[in-house]
Amino acid sequence: MSDQNVDLLSPVDLGPYRLPNRIVMAPLTRNRAGPGNVPQTMNAEYYAQRASAGLIISEASQISPQGVGYPLTPGIHSDAQVEGWKQVTQAVHDKGGRMFLQLWHVGRISHPSLQPGDALPVAPSAIKPQGDAFTYQGLQPFVTPRALETNEIPGIVADYRLAAENALRAGFDGVEVHAANGYLLDQFLRDGSNHRTDRYGGSLENRARFLLEVLQAVCDVWGSQRVGVRLSPVNPFNDMVDSDPEALFSHVVGQLNPLGLAYLHVVEGAIHSPQASSADFDVHKLRDIFEGLYMANGGYDRQRGMRAIQEGRADLVSFGQLFIANPDLPERFARNASLNTPDETTFYGGDEKGYTDYPFLDASRT
Ligand code: PHB
């Protein structure tokens, strides 16, 4: 519904939480965890600086050692990682913020050098993506992954459940299931990467089954009102394609409704890639199918975000690069102030530079 009086700065109830604004910090891979993929003090400072967001969604965090796809991304499967995250959630809560953890398994977007025992990455089908993996030894070509056996799927669902329990122990306020951007759950959804002939492949029902099983397991732990899900229906990143994305994602979103999730988060275009997929499909139709809160993502700025909320095309908007460079983004939007420019050379990996040193409007705050 269109309401000129509601904008990015209006509060909104999301599950049990009253968010002070609709400006969400998007999940952002920054490759700055410590040894053992354990979150460290620098990460707590970074997130706490951004606690004025209506909601922070953590960078994607692997649910198991098998789920790892990049150097120094944090995990949520070991006790040390849970302890590391506790400093982060405590620091965010101390500043009055709310934070969900994003649960991640990269599937085929990994490399044997990142896998336990140099194993092959796993995937719905043994189809090698085009491109290169980011490894500790630099870029290396993707390999042909190993297709998961049907009887291995319950074990991965159990990994998601355990990771969700760990997130609860670590003090998060909720979790987001990452089913976007060409990682494992998205690989099952789209038929370019899923050629299975068992109950997890073929029909739309079958391709959505794994995601729905994961969501059910995670909702069992958290209650569905503290669980969100992220989809990227037309994003070709990570060599993804589907023969009929409108039919697929309309089906998936329809199946989400009975769960009563906290929100649906949609990457509306392409990332790391100049153009959206050639599929001619208006992803905004998904907002009409979904019965809960809709979080829009993808190249929004203040003006486009304001308009999307005012015109009722979104309930929340998540911002990535703008939050990297502007820890006080809600205040800057409120004052219509100028924005710091993100430095792309420090997005992935490194130290405090380009991470915790972007200036606040009010220089007395850090
Ligand atoms: C990335 O590391 O480039 C990346 C990670 C997670 C995403 C998208 C991109 O969902």
With no hydrogens and no angle check, is any side-chain donor or acceptor of [X] less than 3.5 Å from a backbone partner on [Y]?
X      : Y      : answer
Asn31  : Pro71  : yes
Arg190 : Leu248 : no
Asp315 : Ile309 : no
Ser193 : Gln187 : yes
Ser61  : Leu103 : no
Arg98  : Gly96  : yes
Glu213 : Pro154 : no
Asn238 : Asn181 : yes
Arg108 : Leu184 : no
Trp104 : His178 : no

Report whether [X] and [Y] are members of the same hydrophobic cluster (ILVMFWY, side-chain heavy atoms less than 4.5 Å apart, transitive linking).
X      : Y      : answer
Phe134 : Leu72  : no
Val266 : Leu322 : yes
Leu316 : Val283 : no
Leu55  : Leu261 : no
Leu189 : Phe210 : yes

Provide the closest heavy-atom pair for [X] versus [Y] in the form atom of the first, atom of the second, distance.
X      : Y      : value
Val252 : Ala208 : CG2-CB, 4.1 Å
Ser318 : His265 : OG-NE2, 2.8 Å
Ser64  : Asp159 : CB-OD2, 3.9 Å
His111 : Ala133 : CB-CB, 3.8 Å
Ala147 : Pro124 : CB-O, 3.6 Å
Pro39  : Pro74  : CG-CB, 4.1 Å

For this session: Give me the ring orientation class for Tyr47 and Trp85: parallel if the planes are under 30° apart, tilted from 30 to 60°, perpendicular past 60°.
Result: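 It falls in the tilted class, 30° to 60°.
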
For this session: Over 60° means perpendicular and under 30° means parallel, so classify the ring planes of Tyr70 and Tyr183, tilted if in between.
Result: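 It falls in the perpendicular class, over 60°.
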
Taking atom types as modelled, is there a side-chain donor on [X] or [Y] under 3.5 Å from an acceptor on the other?
X      : Y      : result
Arg230 : Asn297 : yes
Gln115 : Ser110 : yes
Gln140 : Thr135 : yes
His105 : Gln62  : no

Quick one: does [X]'s side chain get under 4.5 Å of [Y]'s, heavy atoms only?
X      : Y      : result
Ile63  : His77  : no
Gln66  : Ile156 : yes
Leu8   : Asn21  : no
Val317 : Arg22  : no
Asp7   : Arg307 : no
Asp132 : Phe142 : no
Leu14  : Phe100 : yes
Leu264 : Leu293 : no

For this session: Apply the test side chain to side chain contact (heavy atoms under 4.5 Å, CB included) to residues Asn37 and Gln81: give CA-CA distance (whole Å), side-chain angles for both, the deciding distance (0.1 Å), then the verdict.
Result: CA-CA 7 Å; Asn37 304 76; Gln81 291 162 354; 3.7 Å; yes

For this session: Applying side-chain hydrogen bond (donor to acceptor under 3.5 Å, both in side chains), run through Asn235 and His272 and close with a yes or a no.
Result: CA-CA 9 Å; Asn235 184 6; His272 294 308; over 6 Å; no

From [atom1] ([X]) to [atom2] ([Y]), nearest 0.5 Å:
X      : Y      : atom1 : atom2 : result
Arg32  : Thr346 : CZ    : OG1   : 6.0 Å
Asp301 : Leu339 : CG    : CG    : 9.0 Å
Tyr263 : Ile57  : OH    : CD1   : 3.5 Å
Asp343 : Tyr355 : CG    : OH    : 15.0 Å
Met306 : Arg302 : CE    : CZ    : 4.0 Å
Ser338 : Leu361 : OG    : CG    : 6.5 Å

Problem set entry | Derivation of the side chain to side chain contact (heavy atoms under 4.5 Å, CB included) call for Leu101 and Asn166 | CA-CA 10 Å; Leu101 175 96; Asn166 286 338; over 6 Å; no

Exercise. Please walk me through it: do Glu45 and Arg50 pass salt bridge (charged side-chain N to carboxylate O under 4.0 Å, His left out)?
Worked result: CA-CA 9 Å; Glu45 185 185 353; Arg50 289 156 179 77; over 6 Å; no

Problem set entry | Residue pairs fulfilling side-chain hydrogen bond (donor to acceptor under 3.5 Å, both in side chains) with at least one residue in residues 245-260, sequence neighbours excluded | Glu246-Lys285

Pair [X] + [Y]: basic N to acidic O under 4.0 Å:
X      : Y      : result
Arg18  : Asp13  : yes
Glu176 : Arg226 : no
Lys353 : Asp357 : no
Arg207 : Asp242 : yes
Asp239 : Lys128 : no
Asp79  : Arg169 : yes

Exercise. Is the number of heavy atoms from other residues, nucleotides or ligands within 6.0 Å of CD (Gln303) greater than 12?
Worked result: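 Atom CD in Gln303 is not crowded, with 12 or fewer foreign heavy atoms closer than 6.0 Å.
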
Exercise. Strictly under 6.0 Å, is that where the ring centroids of Tyr46 and Tyr358 end up?
Worked result: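 No, they do not, as the ring centres are separated by 6.0 Å or more.
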
Exercise. Tyr200 ring centre to Arg196 NZ or CZ under 6.0 Å, with the angle to the axis within 45°?
Worked result: no

For this session: Run the numbers on Glu331 and Arg335 for salt bridge (charged side-chain N to carboxylate O under 4.0 Å, His left out), then give the verdict.
Result: CA-CA 6 Å; Glu331 187 184 349; Arg335 291 165 56 176; 2.7 Å; yes

Exercise. Could you walk me through whether Thr73 and Glu59 pass the side chain to side chain contact (heavy atoms under 4.5 Å, CB included) check?
Worked result: CA-CA 8 Å; Thr73 51; Glu59 63 206 275; 5.7 Å; no

